[in-house]
> 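Below are the structure tokens for one structure; questions will follow.
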Amino acid sequence: MKIYAHRGYSSKYPENTLAAFYAAANLPIDGVEFDVHLTKDRQVVVIHDETIDRTSNGKGFVKDMTLQELREFDYGSWFSKEFAGARIPTLKEVLSVFRSTDLHVNIELKSDIFVYSGLEELVLREVESLEMLEQVVISSFDHEAVARVAELAPNLENAALFVNTILDIAEYQGKLPAKALHVSLPSAVRRPVREAIEKGSVVRVWTVNEVEHAALLTNTGVDAIFTDEPETMLSFFGKRNVLIEE
Ligand code: G3P
Ligand code: MG
């Protein structure tokens, strides 16, 4: 089972910050996942929510602030005083952390609530300029965005994200088209996903933080799990569990 650190190493470090990404990069895992939004001045930034309210000491929508305005706030203190002063990272900064690693990098486009016109092009441009096209998978719950990525970069890996179980999910995957399916834990063990795996779909599962849940996925053909607890999952799946010092 491959292990992807969800929002970086997000159980031990503030999610989607450089601290969480450096910690993930230093683990013997397979990949990392993070979320992107577009600022008022069209910069791609790494943060989960549409607003900065939950994960910073500020308030407001990412889309209504410039990068400079967003940089004024602290994205670490909400998690622990130890991380006070953490800034919101740009896509470029996060990609740069992983460029020299062999981790698979999952960029999740958070355009399922607000339409971020041109986000796919901006993300692709950044990935291309760092020559990371083969290291990246771009996913979204916004399947229009998934289809646009397929159109703009047919060779790059794209993935459709699902909350619910979809009947004929493999057929739907072909229509989009998407190269991989990123499904929720409950739907991962249902018939449609099991059949898709049998037909050859690459399936990754979010978000698996309990070993009891991970155990349900062993020998199912699932390719990878996204987890906030990468070291727990490394121990569970019996991999080398060594943290290399920064
Ligand atoms: O990409 C997998 C997972 O991150 C999707 O859900 O809300 O954690 O972005 P969320
Ligand atoms: Mg995500």
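In listed order, ligands and their atoms are each counted from 1. Heads up: numbering here begins at 1 and tracks the sequence.
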> Consider every N or O of D35 and every N or O of ligand 1, then say whether any pair is closer than 3.5 Å.
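It does: an N or O of D35 is found under 3.5 Å from an N or O of ligand 1.
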> Just which atoms of ligand 1 are under 4.0 Å from any heavy atom in L161?
1 (O), 2 (C)
> Please find the N/O/S atom of E33 nearest to the Mg ion (ligand 2) and write down its name.
OE2
> Would E93 and R99 pass as an ion pair if we require N to O under 4.0 Å?
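A salt bridge is absent here (no side-chain N lies under 4.0 Å from a carboxylate O).
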> Can the ring centres of Y13 and F79 be said to be less than 6.0 Å apart?
no
> Could you check which N/O/S atom of E108 is closest to the Mg ion (ligand 2)?
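In E108, the heteroatom (N, O or S) nearest the Mg ion (ligand 2) is OE1.
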> Is it true that a side-chain atom of W206 and a backbone atom of F226 form a donor plus acceptor pair closer than 3.5 Å?
no
> With the Mg ion (ligand 2) as the reference point, give the N/O/S atom of D35 that is nearest.
OD1
> Quick one: look up the protein heavy atom nearest atom 5 (C) of ligand 1 and list residue, atom name and how far away it is.
E108 OE1, 3.4 Å
> Going by atom types alone, do D228 and H6 pair a side-chain donor with an acceptor below 3.5 Å?
yes
> Using the side-chain hydrogen bond (donor to acceptor under 3.5 Å, both in side chains) definition, which of the options S10, S11, S235 pairs with E229?
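Going through S10, S11, S235 one by one, the side-chain hydrogen bond (donor to acceptor under 3.5 Å, both in side chains) with E229 is satisfied by S11 alone.
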> Number the atoms of ligand 1 from 1 as they appear, then name those within less than 4.0 Å of a heavy atom of F141, with their elements.
5 (C), 6 (O)
> Under 4.0 Å from any heavy atom of K110, which atoms of ligand 1 are there?
7 (O), 9 (O), 10 (P)
> Which residue owns the protein heavy atom closest to atom 10 (P) of ligand 1, what's the atom, and how far is it?
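I find the closest protein heavy atom is H48 NE2, 3.3 Å.
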> Of all heavy-atom pairs between T227 and T207, which one has the smallest distance, and what is that distance?
CA-CG2, 4.3 Å
> Does atom CD of Q68 have more than 12 heavy-atom neighbours, drawn from other residues, nucleotides or ligands, at distances under 6.0 Å?
no
> Within the structure, does N106 bring an N/O atom to less than 3.5 angstrom of an N/O atom in ligand 1?
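So ligand 1 has no N or O lying under 3.5 Å from an N or O of N106.
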> Taking only heavy atoms of R7, which atoms of ligand 1 are found under 4.0 Å from at least one of them?
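Taking each heavy atom of R7 in turn, ligand 1 has 7 (O), 8 (O), 10 (P) under 4.0 Å.
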> Please state which protein non-hydrogen atom is closest to atom 1 (O) of ligand 1 and give its distance, to 0.1 Å?
E33 OE2, 2.8 Å
> Is the positively charged end of K63 above the ring of F61, judged by distance under 6.0 angstrom from the centroid and angle within 45° of the axis?
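Because its charged atom sits under 6.0 Å from the ring centre and within 45° of the axis, K63 does stack over F61.
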